[in-house]
Amino acid sequence: MDGNGRWAQTRGLPRTEGHRAGEHSLFEVVETCDDLGVEWLTVFAFSTENWKRPKDEVSFLINFNEEILIRRRDELHEKNVRVRFVGRRDWRVPKRLIRRMDETLELTQDNTGLTFTIAFNYGGRAEIVDAVRKIVADGTPADKITEKTIARRLYDPEMPDPDLVIRTSGENRISNFLLWELAYSELLFTDTPWPEFGRQSFIDAIHEFQSRDRRFGGVASTG
Ligand code: IPE
Ligand code: MG
């Protein structure tokens, strides 16, 4: 969900107003997933590198994420959305935010609609490091390690590899998002900043995705 800060700055607003404006896009996309029958949506809310930002912005983002969970969780629950989280739960994440996450997780865990995963204090490399730690701690012999061994120890082993990754706001890079999982994902980069990315942009992205020819290293099927 990139481009909140720049969106605000070009309007002479503080960067934090951009994050606030992004909430609207996020819930429009959640609703659109629901309408279209998309089963898994994962959003990058805060990366392991975002701690480098000015202190004020970091604490705004932490408080804002907590506030959104409190304000929106009943609505998500009513929509039958199952909320999950991926990321490191280290000392940098305040205990109260962890509590909100756990409460939201628990409230929505049996829902059968969209699985909405929030990546918070998430880094793709950190996720792989954490998986390797678990493999070593389990005492797995080297010659027994396969791709499945790693995939099963990611933060959410149930999460399917994404079909489509959308990055907003004109940056053409992955920035440490789901590194293992997106090996064969379709990548879509758009100049639209996140606060302007709503229902229609998401539908356009799905249309673009549907026109892609996915071969997974094979050859085109002749139908
Ligand atoms: C929001 O956009 C994404 C977060 C990390 C919270 P940015 O804050 O990265 O906005 P830009 O890239 O500075 O415009
Ligand atoms: Mg950015």
Side-chain angles (χ1 to χ4, degrees), residues 1-7 18-36 38-50 53 57-58 60-73 75-77 79-89 93 97 100-101 104-105 108 111 113-124 126-127 154-156 158-169 171 173-182 185-190 192-206 209:
M1 302 185 285
D2 199 17
N4 293 345
R6 280 166 287 162
W7 178 88
H19 300 311
R20 282 195 194 286
E23 181 183 347
H24 182 255
S25 301
L26 177 59
F27 284 84
E28 231 180 82
V29 169
V30 167
E31 198 151 276
T32 309
C33 283
D34 206 29
D35 295 345
L36 299 181
V38 171
E39 293 175 334
W40 290 78
L41 171 71
T42 304
V43 297
F44 205 172
F46 194 88
S47 79
T48 46
E49 287 71 41
N50 286 149
R53 293 190 176 200
E57 186 168 343
V58 169
F60 174 88
L61 286 168
I62 288 173
N63 292 330
F64 187 53
N65 274 276
E66 186 190 2
E67 182 198 317
I68 287 184
L69 291 181
I70 296 168
R71 259 193 302 108
R72 297 279 200 162
R73 61 186 168 199
E75 173 190 336
L76 289 166
H77 186 45
K79 287 199 172 97
N80 197 24
V81 173
R82 181 169 65 155
V83 184
R84 290 184 170 182
F85 299 89
V86 289
R88 253 190 197 161
R89 291 178 160 218
V93 185
L97 179 54
R100 295 307 157 232
M101 289 178 179
T104 311
L105 198 79
T108 64
N111 288 343
L114 172 71
T115 301
F116 172 40
T117 306
I118 300 172
F120 193 91
N121 194 23
Y122 174 87
E127 181 176 35
L154 298 175
Y155 293 134
D156 184 352
E158 270 185 46
M159 184 201 287
D161 290 345
D163 290 315
L164 171 64
V165 176
I166 303 169
R167 176 151 192 178
T168 54
S169 208
E171 309 291 7
R173 52 177 175 263
I174 296 302
S175 299
N176 210 8
F177 190 49
L178 302 178
L179 291 185
W180 178 273
E181 298 87 333
L182 53 70
S185 304
E186 293 298 323
L187 307 179
L188 192 149
F189 298 101
T190 169
T192 308
W194 179 251
E196 284 171 20
F197 190 93
R199 182 181 176 86
Q200 194 52 52
S201 307
F202 188 71
I203 291 172
D204 293 346
I206 303 266
F209 168 79

Apply side-chain contact (heavy atoms from CB on, under 4.5 Å) to Asp35 and Arg199, showing your working.
CA-CA 10 Å; Asp35 295 345; Arg199 182 181 176 86; 2.8 Å; yes
Worked verdict on Leu188 versus Phe209 for side-chain contact (heavy atoms from CB on, under 4.5 Å)
CA-CA 8 Å; Leu188 192 149; Phe209 168 79; 5.7 Å; no
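Interatomic distance, Met159 CE to Thr42 OG1, rounded to the nearest 0.5 Å: 3.5 Å. The line from CG of Leu187 to CD1 of Ile174 is 4.5 Å long, rounded to the nearest 0.5 Å. The distance from atom CZ of Arg100 to atom CD1 of Ile68, rounded to the nearest 0.5 Å, is 14.5 Å. Atom CG of Leu97 and atom CG of Asn65 lie 6.5 Å apart (nearest 0.5 Å). One finds the CD atom of Glu181 at 5.0 Å from the CG atom of Leu154 (value rounded to the nearest 0.5 Å). Of the inter-residue distances, the one linking Thr104 atom OG1 with Arg82 atom CZ reads 14.5 Å to the nearest 0.5 angstrom.
Nearest approach of Gly22 to Trp194, heavy atoms of both residues: O-NE1, 3.1 Å. Closest non-hydrogen pair, Val93 versus Asn121, comes out as CG2-ND2, 3.5 Å. Pairing each heavy atom of Ser201 with each of Thr192, the nearest pair is OG-CG2, 4.4 Å. Annotation for Pro193 and Gly3: closest pair CB-O, 4.0 Å, computed over non-hydrogen atoms. Residues His19 and Asn4 share a closest heavy-atom pair of ND1-ND2, 3.2 Å. In terms of heavy-atom proximity, Phe64 sits nearest to Arg20 at CZ-CA, 3.7 Å.
Taking the side chain as every heavy atom from C-beta outward, Thr115 and Glu158 never approach each other to under 4.5 Å. Counting only heavy atoms from C-beta outward, the side chains of Phe202 and Cys33 approach each other to under 4.5 Å. In this structure, the side chains of Pro162 and Leu178 come closer than 4.5 Å at one or more pairs of heavy atoms. With contacts defined as side-chain heavy-atom distances shorter than 4.5 Å, the pair Leu26/Phe116 qualifies. Within the 4.5 Å cutoff, no side-chain heavy atoms of Thr168 are placed close to those of Trp7. Counting heavy atoms from C-beta on, the side chains of Arg53 and Phe60 never come closer than 4.5 Å. Side-chain contact between Asp163 and Trp40: absent, with no pair of heavy atoms (C-beta onward) separated by less than 4.5 Å. Here the side chains of Phe27 and Glu75 are in contact, with some heavy-atom distance below 4.5 Å.
The side-chain contact (heavy atoms from CB on, under 4.5 Å) with Val83 is formed by just one residue from the set Ile118, Asn111, Val30, Leu105; it is Ile118. For the ring-ring contact (aromatic ring centres under 6.0 Å, His included) with Phe120, the lone residue among Tyr155, Phe44, Phe46 that qualifies is Phe46.
Other residues, nucleotides and ligands place no more than 12 heavy atoms under 6.0 Å from the CD atom of Glu39.
Ionic pairing of Arg84 and Asp156 is present here: one or more N-O contacts between side-chain nitrogen and carboxylate oxygen are shorter than 4.0 angstrom.
In this structure, Asn50 contributes its side chain and Ser47 its backbone to a donor-acceptor pair below 3.5 Å. With hydrogens and angles disregarded, no donor-acceptor distance shorter than 3.5 Å links the side chain of Tyr122 to the backbone of Ala45. The backbone N or O of Gly123 lies less than 3.5 Å from no partner atom in the side chain of Asn176, so there is not a single donor-acceptor pair.
Arg6 is linked by a salt bridge (Lys or Arg N to Asp or Glu O under 4.0 Å) to Asp2, Glu171, counting only residues two or more places apart in sequence or in another chain.
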